[in-house]
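Beneath this line is the structure, given in structure tokens, with notes to follow.
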Amino acid sequence: MSVVGVIDFETTGLSPAMGDRATEVAIVLLDGGQVVDRFQSLMNAGVRINAFIEQYTGISNEMIRTAPPAAEVMADARRFVRGVPLVAHNASFDQRFWAAELERLGPDEGADPPFACTMLLSRRLYPQVGSYRLQSLASFHALPSAGRAHRAMADAEVAASLLSRIQQDIQRDYQVDAAPHELLVKLQRTQRKALPKAIEAYFDALR
DNA sequence: TGCCAGGCCCTCTTTAGGGCCTT
């Protein structure tokens with residue numbers, strides 16, 4: 001399995017535990033660093049978006065009013081990524097909303113994919129970068145612009161470009177043929193000085 | 001109107017505090 005899904009949520013706030021809901025989701029499927037499919041939709045969770053968030057994301061209450069129900073969109077998103085591991089920038093955030101929105105749909109086997117995080121990986125791989133915000137890393141790597149920042153598909157596209165760059169840099173710097181999702185999940189919690197041994201151990205275990 | 005949480009990481013640390021990152 002070399003396909004991964006890069007996901008980004010726009011939401012009404014920072015915490016589903018505090019009642020915040022998703023307003024938009026985008027998922028880019030990458031196979032070998034190439035985009036092979038995309039999923040994107042606004043969603044109506046029946047909650048009001050405050051003025052700050054409207055300004056921040058450009059997603060208005062009027063846009064949400066005519067969007068499909070959140071349950072319908074999340075069911076489609078779940079089908080879209082079935083069996084595919086996920087990646088996000090500051091993945092703990094997107095993982096919380098993924099779990100919270102899907103929990104509303106009821107139990108489902110295989111709906112709990114592992115997440116890798118481009119922010120944690122970037123902290124390990126690029127210690128010279130002053131800021132690990134998605135846009136700062138995009139500028140640092142001169143990644144192509146994908147549209148208005150803080151819209152789900154634009155941010156998912158940039159995160160996908162960043163992921164491809166991370167995978168290329170791991171392959172180049174550590175002389176390995178691939179940087180699969182399972183390895184990324186291990187590396188994102190590995191101290192920088194321990195990266196070479198962790199990568200070596202991962203590939204030794206495959207032999 | 002402005003704020004909310006959670007996880008990670010650094011340091012003036014580990015019996016803690018604060019900044020960063022996501023919306």
Side-chain angles (χ1 to χ4, degrees), chain A residues 4-28 40-65 67 70 73-74 77 81 86-104 112-141 143 146-163 165-166 184-195 198:
Chain A
V4 299
V6 182
I7 188 168
D8 187 79
F9 279 106
E10 302 306 319
T11 72
T12 62
L14 296 173
S15 172
M18 298 289 289
D20 292 320
R21 297 294 305 274
T23 57
E24 187 179 42
V25 62
I27 305 162
V28 175
Q40 181 272 328
S41 182
L42 291 165
M43 66 182 95
N44 186 348
V47 294
R48 184 151 188 86
I49 304 170
N50 70 35
F52 171 78
I53 296 292
E54 276 195 334
Q55 176 73 22
Y56 185 80
T57 65
I59 298 172
S60 67
N61 285 289
E62 177 61 21
M63 291 163 68
I64 292 304
R65 190 179 65 79
V73 173
M74 290 305 300
V81 301
L86 296 178
V87 177
H89 194 70
N90 195 12
S92 65
F93 173 85
D94 294 281
Q95 189 167 18
R96 278 196 297 277
F97 277 95
W98 175 261
E101 293 293 343
L102 288 184
E103 188 176 4
R104 293 171 176 273
D112 190 24
F115 274 70
C117 178
T118 50
M119 185 185 76
L120 294 181
L121 286 162
S122 293
R123 283 180 179 167
R124 266 77 181 164
L125 296 170
Y126 314 116
Q128 68 273 39
V129 181
S131 164
Y132 294 92
R133 297 167 64 174
L134 182 59
Q135 295 306 316
S136 301
L137 287 160
S139 296
F140 177 79
H141 291 299
L143 303 177
R148 187 196 194 282
H150 306 304
R151 284 300 297 270
M153 182 52 79
D155 283 1
E157 295 267 12
V158 173
S161 296
L162 176 58
L163 173 65
R165 177 60 185 257
I166 287 169
L184 299 181
V185 171
K186 293 181 187 300
L187 296 187
Q188 70 189 10
R189 302 192 192 285
T190 303
Q191 289 190 349
R192 178 170 174 78
K193 62 184 179 184
L195 288 176

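Order of the sequence lines fixes the chain letters, A, B, ..., with proteins taken first and strands second; residue numbering starts at 1 for each chain.
The distance between atom CH2 of A:Trp98 and atom P of B:dA5, rounded to the nearest whole Å, is 25 Å. The nearest whole Å value for the distance from the CE atom in A:Met119 to the C1' atom in B:dG7 is 8 Å. The CZ-C1' distance, from A:Arg189 to B:dG7, rounds to 8 Å in whole Å. Rounded to whole Å, atom P of B:dC8 lies 15 Å from atom CG of A:Leu187. The CD1 atom of A:Ile53 sits 12 Å away from the P atom of B:dC3 (whole-angstrom rounding). Between the NE2 atom of A:His150 and the C1' atom of B:dT22 there is a distance of 10 Å, given to the nearest Å. The nearest whole Å value for the distance from the CZ atom in A:Arg96 to the P atom in B:dG6 is 7 Å. Look at CD on A:Gln188: it is 14 Å from C1' on B:dC21, rounded to the nearest Å.
At the heavy-atom level, A:Asp94 lies nowhere under 4.0 Å from the strands shown. Using a 4.0 Å heavy-atom criterion, one finds that A:Phe97 contacts no nucleic acid atom at all. Residue-level contact check: A:Arg123 touches the bases, meaning some heavy atom is under 4.0 Å from a base atom. Counting non-hydrogen atoms under 4.0 angstrom, A:Tyr132 reaches the backbone sugars and phosphates but no base. Residue-level contact check: A:Ser131 touches the backbone only, with heavy atoms under 4.0 Å from sugar-phosphate atoms and none from bases.
A:Glu54 places a side-chain N or O within 3.5 Å of a backbone atom of A:Asn61 that can act as its donor or acceptor partner.
Closest contact between the side chain of A:Asp20 and the listed nucleotides B:dT22, B:dG6, B:dC4 involves B:dC4. Nearest to the side chain of A:Arg133, among B:dT22, B:dT23, B:dC4, sits B:dT22. Closest to the side chain of A:His89, out of B:dC8, B:dT22, B:dG6, is B:dT22.
Side-chain atoms of A:His89 and A:Leu162, non-hydrogen and from C-beta on, do get closer than 4.5 Å to each other. Residues A:Ile59 and A:Ile53 fail the side-chain proximity criterion, which asks for heavy atoms closer than 4.5 Å.
Rounded to the nearest Å, the gap between the P atom of B:dC12 and that of B:dC20 is 16 Å. Nucleotides B:dT1 and B:dG17 place their P atoms 34 Å apart, quoted to the nearest Å. When the C1' atom is compared between B:dT13 and B:dG18, the two are found 12 Å apart, to the nearest whole Å. A distance of about 14 Å separates the P atoms of B:dC3 and B:dG19, rounded to the whole Å. Only the C1' atoms considered, B:dC8 is 16 Å distant from B:dT14, to the nearest whole Å. A distance of about 22 Å separates the P atoms of B:dC21 and B:dG2, rounded to the whole Å.
Aromatic ring orientation, A:Phe97 versus A:Phe93: tilted (interplanar angle from 30° to 60°). Between A:Tyr126 and A:His141, the ring-plane angle classifies as perpendicular under the 30° and 60° cut-offs.
Toward the 5′ end of DNA chain B lies the nearest nucleotide of A:Ser15, the other residue of the pair A:Gly130 and A:Ser15 mapping further downstream. When each of A:Met18 and A:Gln191 is assigned the nucleotide of DNA chain B bearing its nearest heavy atom, the one mapping closer to the 5' terminus is A:Met18.
Atom CD of A:Gln95 sits about 10.0 Å away from atom CD1 of A:Ile7, to the nearest 0.5 Å.
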